[in-house]
Amino acid sequence: MRPDASWSVVAVSEQLSDLKPIPVHAEGQELALFRDATGVARAVENRCPHRRLPLTLGKVVGGAIRCAYHGWTFDGASGSCIDVPNLGAEEKVSPNFCVRAFPCREHGGFVYVWTSEEDPAAHLMFEQDNVSSEPALHTSGSGIAPVGIGHYRDALIDGPQALLTISGIR
């Protein structure tokens with residue numbers, strides 16, 4: 001395995017939707033990230049092969065990503081084009097009409113994408129042998145906390161290195 005081949009964190013799990021893809025970048029690749037019909041995270045090249053429009057301008061329909069320009073629709077697992085609206089019923093979609101699909105995993109509240117040409121299975125990051133019977137503590141996510149104007153002002157003045165203490169949260 002190349003020393004630089006690795007899984008890249010591209011999003012927080014809660015950012016993904018089964019309605020609208022989001023654009024992300026990983027290792028020089030522009031990707032469209034979305035959830036398929038079963039809720040699995042998918043990542044594909046963010047360019048429709050037809051007119052090179054970003055797929056993130058489109059939407060997710062039936063678990064697949066549809067280009068906003070002419071409606072070409074791509075399977076997130078394989079990258080295959082599964083629908084071209086202007087083809088007749090007797091015409092088949094060419095296997096050449098496809099986008100590159102990238103291996104995508106969720107772990108610990110984050111979405112990871114593998115952009116290397118090498119086999120991601122050789123990487124041990126998601127090995128299940130170390131699963132413990134103890135409940136996992138998830139530390140990712142976002143939320144809204146009501147804060148008094150004085151504390152808010154102090155946090156802004158202190159900058160990003162400020163530490164906030166919120167009762168009940170460690």
Side-chain angles (χ1 to χ4, degrees), residues 1-131 136-144:
M1 181 166 66
R2 282 190 358 246
D4 60 336
S6 65
W7 289 94
S8 299
V9 176
V10 292
V12 176
S13 292
E14 66 189 25
Q15 290 179 279
L16 293 187
S17 165
D18 61 355
L19 300 173
K20 180 81 176 135
I22 62 169
V24 296
H25 290 81
E27 303 297 325
Q29 301 282 342
E30 291 183 35
L31 308 173
L33 199 63
F34 63 100
R35 290 198 186 280
D36 69 13
T38 62
V40 174
R42 298 294 183 192
V44 296
E45 174 185 12
N46 192 17
R47 292 277 173 234
C48 179
H50 180 221
R51 296 286 184 218
R52 308 302 295 160
L53 191 77
L55 289 172
T56 51
L57 295 177
K59 59 186 174 180
V60 180
V61 178
I65 189 167
R66 178 179 289 168
C67 179
Y69 193 50
H70 284 121
W72 287 27
T73 306
F74 302 90
D75 174 63
S78 66
S80 300
C81 184
I82 56 175
D83 184 39
V84 176
N86 63 337
L87 287 182
E90 69 286 347
E91 296 177 284
K92 298 212 185 280
V93 177
S94 169
N96 294 331
F97 300 163
C98 61
V99 293
R100 182 175 172 199
F102 295 85
C104 190
R105 302 261 174 88
E106 288 186 81
H107 184 75
F110 294 97
V111 180
Y112 295 79
V113 173
W114 182 266
T115 57
S116 172
E117 295 294 330
E118 296 183 28
D119 182 10
H123 199 279
L124 301 176
M125 181 175 168
F126 301 105
E127 198 63 38
Q128 293 299 314
D129 294 338
N130 61 359
V131 175
L137 173 64
H138 296 283
T139 58
S140 64
S142 63
I144 298 172

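For the single chain, residues carry numbers from 1 onward in sequence order.
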* To do: Can you run down the salt bridge (Lys or Arg N to Asp or Glu O under 4.0 Å) pairs that involve residues 64-93, sequence neighbours left out, and say none if there aren't any?
  => none
* To do: Sorted by first residue and then second, give each salt bridge (Lys or Arg N to Asp or Glu O under 4.0 Å) pair with at least one member in residues 49-58; sequence neighbours left out.
  =>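 Listed by first then second residue: Glu45-Arg52.
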At their closest point, which heavy atom of [X] faces which heavy atom of [Y], and how far apart are they?
X	Y	result
Pro95	Cys98	O-SG, 3.8 Å
Arg105	Trp7	CG-CH2, 3.5 Å
Ala11	Ile22	CB-CD1, 4.3 Å
Gly58	Pro21	O-CD, 3.7 Å
Val60	Ser17	CG2-O, 4.4 Å
Ala68	Leu57	CB-O, 3.4 Å

* Tell me, with the steps shown, if Leu31 and Val113 meet side-chain contact (heavy atoms from CB on, under 4.5 Å). => CA-CA 9 Å; Leu31 308 173; Val113 173; 3.7 Å; yes
* Go through the steps for Leu33 and Cys104 under the test side-chain contact (heavy atoms from CB on, under 4.5 Å), then give the verdict. => CA-CA 9 Å; Leu33 199 63; Cys104 190; 3.9 Å; yes
* Using a 4.5 Å cut-off on heavy atoms from C-beta on, say whether the side chain of Pro49 contacts that of Val99. =>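 The answer is yes, as the side chains (C-beta and beyond) meet within the 4.5 Å cut-off.
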* For Thr56, side-chain hydrogen bond (donor to acceptor under 3.5 Å, both in side chains) partners two or more places apart ->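 Applying side-chain hydrogen bond (donor to acceptor under 3.5 Å, both in side chains) to Thr56 gives Asn46.
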* To do: Specify whether Trp72 and Phe74 have parallel, tilted or perpendicular ring planes, treating 30° as the upper limit for parallel and 60° as the lower limit for perpendicular.
  => tilted
* Asked: Under 3.5 Å, is there a donor-acceptor pair between the Thr115 and Gln29 side chains?
  -> no
* Could you list the residues that satisfy side-chain contact (heavy atoms from CB on, under 4.5 Å) with Val40, not counting sequence neighbours? =>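 Per chain and number, Val40 pairs via side-chain contact (heavy atoms from CB on, under 4.5 Å) with Asp36, Thr38, Arg42.
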* Results of side-chain contact (heavy atoms from CB on, under 4.5 Å) for Asp18 - residues two or more places apart only -> Arg35
* Asked: Phe34 and side chain to side chain contact (heavy atoms under 4.5 Å, CB included): which partner among Val44, Leu55, Leu19?
  ->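 By the side chain to side chain contact (heavy atoms under 4.5 Å, CB included) criterion, Phe34 pairs with just one of Val44, Leu55, Leu19: Val44.
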* **Partner set under ring-ring contact (aromatic ring centres under 6.0 Å, His included) for His25, not counting sequence neighbours** =>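 With neighbours one apart ignored, the set is empty.
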* Within the distance-only criterion (no hydrogens, no angle test), does the side chain of Ser8 pair as donor or acceptor with the backbone N or O of Val10 below 3.5 angstrom? ->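 Checked: no pair found.
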